[in-house]
Amino acid sequence: MTKLDCDVVNCSYNKDACCVRKNIEVEGEAARFASETCCGSFEQKRGNCCSCDIAEQVSKDTDVSCDAIECRFNKSHKCSANHIGISGRHADSMRETECASFII
C-alpha cells in the first residue's frame, strides 16, 4: 500500500489530509506532466454531508490504481511509490486534481 497525503479539501473522502477510501484511481493515461493526471476517485462534498463521516478510522495507507503509464511508479497499473500526494486544494471536479508525485 501507498502512503497518501491529500490536500483536496473539497473531496468528500478527505479527512485531516487523509483519504478515507481504501483505494483510489489516478487517471491520465497519456500524461507527461503531473498536471495531466487527476484523481478519478474525487467526489465533491455536498453541503454538510461527506463520506468521511462514516469512516471508522482514517489511514494514510491506500491502494492506488494508476493509468498514468509513463510514471516511473506505475507497475502494471498499480502505484509502487511508498508515498504520494494528491493536490488540488479547492477542486470542484476531478480534472482540478492531480497526482503531485507523478514522475517520468
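As a basis for the values below, the full set of heavy atoms in this structure was taken, side chains included, without hydrogen atoms, waters or symmetry mates. Computed from a prediction, not measured in an experiment: that's the story for all the values here.
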- Message: Can you give me the closest heavy-atom contact between Phe102 and Ala68, atom names plus distance?
- Response: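 Nearest heavy atoms, Phe102 then Ala68: CE1-CB, 3.8 Å.
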- Ile104 and Arg72: which non-hydrogen atoms are nearest, and at how many Å?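 Heavy atoms of Ile104 and Arg72 come nearest at O-NH2, 3.4 Å.
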Do [X] and [Y] come close enough that some side-chain heavy atom pair is under 4.5 Å?
X	Y	answer
Arg95	Ser93	yes
Asp92	Gln44	yes
Lys22	Asp63	no

Please output the side-chain donor-acceptor pairs of residues 84-91 that fall under 3.5 Å, not counting sequence neighbours, one pair per line with the distance.
none

- Cys38/Glu98 under side chain to side chain contact (heavy atoms under 4.5 Å, CB included): CA gap, chis, key distance, verdict: CA-CA 4 Å; Cys38 68; Glu98 68 181 48; 5.9 Å; no
Backbone N/O of [Y] and side chain of [X]: donor-acceptor pair under 3.5 Å:
X	Y	result
Asn14	Cys6	yes
Thr62	Leu4	no
Lys15	Ser12	no
Asn74	Cys66	yes

- Task: List the steps and the verdict of side chain to side chain contact (heavy atoms under 4.5 Å, CB included) for Cys39 and Met94.
- Result: CA-CA 6 Å; Cys39 180; Met94 71 178 183; 5.7 Å; no
- Message: Do the side chains of Arg21 and Glu43 get close enough for a salt bridge, i.e. N-O under 4.0 angstrom?
- Response: no
- Query: When you check the gap from the basic side-chain N to the acidic O, do Asp61 and Lys3 get nearer than 4.0 Å?
  - Reply: yes
- Item | Gap separating the SG atom of Cys79 from the CD1 atom of Ile24, nearest 0.5 angstrom |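 Cys79 atom SG to Ile24 atom CD1 measures 8.0 Å (nearest 0.5 Å).
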- Query: Can you tell me how far the NE2 atom of His77 sits from the CG atom of Asp67, to the nearest 0.5 Å?
  - Reply: 6.5 Å
- Task: Give the C-alpha distance, both sets of side-chain angles, the deciding distance and a yes or no for side chain to side chain contact (heavy atoms under 4.5 Å, CB included) between Asn10 and Lys45.
- Result: CA-CA 6 Å; Asn10 286 345; Lys45 284 183 185 175; 5.6 Å; no
- Among pairs that include at least one residue of residues 30-41, which meet side-chain hydrogen bond (donor to acceptor under 3.5 Å, both in side chains), considering only residues two or more places apart or in two chains?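 Checked against side-chain hydrogen bond (donor to acceptor under 3.5 Å, both in side chains) - neighbours excluded - the pairs reaching residues 30-41 are Arg32-Glu70.
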- Message: Evaluate Val64 against Asn23 for side chain to side chain contact (heavy atoms under 4.5 Å, CB included), listing each step before the verdict.
- Response: CA-CA 6 Å; Val64 180; Asn23 56 41; over 6 Å; no
